[in-house]
Amino acid sequence: MLIGVGNDIVDIDRIRAVLDRQGERFIQRILRPGERAYCERRHDFAAALARHYALKEAAVKALGTGFRHGVGWRDVGLARPEPGGVFSKPRLTFEGGALVRLNAMLREGEEMVGDWSMSDEPPYATAYVVLFATAVGTETGPRAHSVAPSSP
Ligand SMILES: CC(C)(COP(=O)(O)OP(=O)(O)OC[C@H]1O[C@@H](n2cnc3c(N)ncnc32)[C@H](O)[C@@H]1OP(=O)(O)O)[C@@H](O)C(=O)NCCC(=O)NCCS
């Protein structure tokens with residue numbers, strides 16, 4: 001069953017300006033440590049941060065809360081697995097207030113499967129998120145990423 005969808009579009013230059021003004025405080029408010037490490041490996045940190053910012057806004061729209069009701073920026077985000085596994089796409093994960101909200105929408109015997117996409121074409125970064133409730137143990141993740149493509 002569909003839980004929710006969300007999308008967002010962000011002006012990268014606006015994020016760059018907030019970064020210039022607030023620096024470390026802004027980064028720590030928005031990014032989880034793993035997301036920060038990833039963004040720091042990209043050639044344009046502000047653009048990578050903007051994509052994650054859009055992703056997080058999309059996720060909280062899919063939850064139906066926005067950043068209210070105890071849901072914070074670092075409660076939603078991407079967990080990047082070690083390279084080499086079948087599931088190589090970063091997973092959308094929920095913690096803290098976002099996990100409380102998510103669990104309130106899941107029924108007995110259900111778990112969440114979510115997927116996302118993000119993109120940028122300066123000056124904009126954009127992202128969307130889709131969340132589904134599925135029977136526990138029936139899905140290992142979005143099928144496009146949990147079932148290895150056959151060759152060639
Ligand atoms: C939902 C939220 C994330 C939208 O943020 P936004 O980027 O300001 O606004 P957007 O234009 O992208 O989206 C607005 C639309 O989202 C939808 N929306 C609003 N609240 C929503 C909710 N709780 N769940 C799902 N969708 C929601 C509505 O369709 C809204 O359009 P409307 O106002 O015409 O009805 C906002 O509630 C929020 O929590 N913003 C926090 C922003 C913030 O903290 N900024 C600080 C920057 S440093």
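Each residue takes its place number in the sequence, starting with 1.
- Between A79 and T93 the shortest heavy-atom distance is CB-CG2, 3.9 Å.
- At least one side-chain heavy atom of W73 sits less than 4.5 Å from a side-chain heavy atom of E57.
- The shortest non-hydrogen separation linking L131 to L2 is O-CD1, 3.5 Å.
- Not one N or O on the side chain of R74 forms a donor-acceptor pair closer than 3.5 Å with the backbone of R32.
- To the nearest 0.5 Å, atoms OG1 (T126) and CE (M118) are separated by 10.0 Å.
- V113 and L102 end up in different hydrophobic clusters when Ile, Leu, Val, Met, Phe, Trp and Tyr side chains are linked at under 4.5 Å.
- For the pair I30 and E35, the minimum side-chain heavy-atom distance is 4.5 Å or more.
- Not a single donor-acceptor pair under 3.5 Å links the side chain of R91 to the backbone N or O of D115.
- Note: F26 CZ to D20 CG = 11.0 Å, rounded to the nearest 0.5 Å.
- Here the closest non-hydrogen pair linking W116 and P90 is NE1-O, 2.9 Å.
- By the rule that hydrophobic residues join a cluster once side-chain heavy atoms approach within less than 4.5 Å of another member, L55 and F45 end up as members of one cluster.
- Note that CG of L19 and CD of E24 are 10.0 Å apart. Values are rounded to the nearest 0.5 Å.
- In this structure, the side chains of F132 and V130 come closer than 4.5 Å at one or more pairs of heavy atoms.
- Within 6.0 Å of the CD atom in E121, the count of heavy atoms belonging to other residues, nucleotides or ligands does not exceed 12.
- No more than 12 heavy-atom neighbours from other residues, nucleotides or ligands sit within 6.0 angstrom of OH on Y128.
- Under a 3.5 Å cut-off, the side chain of K56 and the backbone N or O of G72 do not form any donor-acceptor pair.
- No continuous path of hydrophobic side-chain contacts links I27 to I12 [ILVMFWY only; heavy atoms under 4.5 Å].
- Looking at heavy atoms from C-beta onward, E110 lies out of side-chain contact with M105 at the 4.5 angstrom threshold.
- Atom CD1 of I15 and atom NE2 of H52 lie 12.5 Å apart (nearest 0.5 Å).
- Atom OH of Y38 sits in a crowded spot, with more than 12 heavy atoms from other residues, nucleotides or ligands closer than 6.0 Å.
- For the atom pair OG1 (T134) and CE (M112), the distance works out to 9.5 Å, reported to the nearest 0.5 Å.
- Taking both residues in full, the closest heavy atoms of T138 and E111 are given as N-OE2, 4.4 Å, listed atom of the first, atom of the second, then distance.
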* To do: Evaluate side chain to side chain contact (heavy atoms under 4.5 Å, CB included) for I3 paired with L106, printing each intermediate quantity in order.
  => CA-CA 9 Å; I3 295 176; L106 292 173; 3.9 Å; yes
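- With respect to the salt-bridge test (charged N to carboxylate O, under 4.0 angstrom), the residues D44 and R51 do not qualify.
- For the pair A54 and A127, the tightest heavy-atom approach, listed with the atom from each and the gap, is C-CB, 3.7 Å.
- In terms of heavy atoms, L31 sits closest to C39 at CD1-SG, 4.2 Å.
- Screening L92, L63, L99, T65 for a side-chain contact (heavy atoms from CB on, under 4.5 Å) with V76, the sole residue that qualifies is L63.
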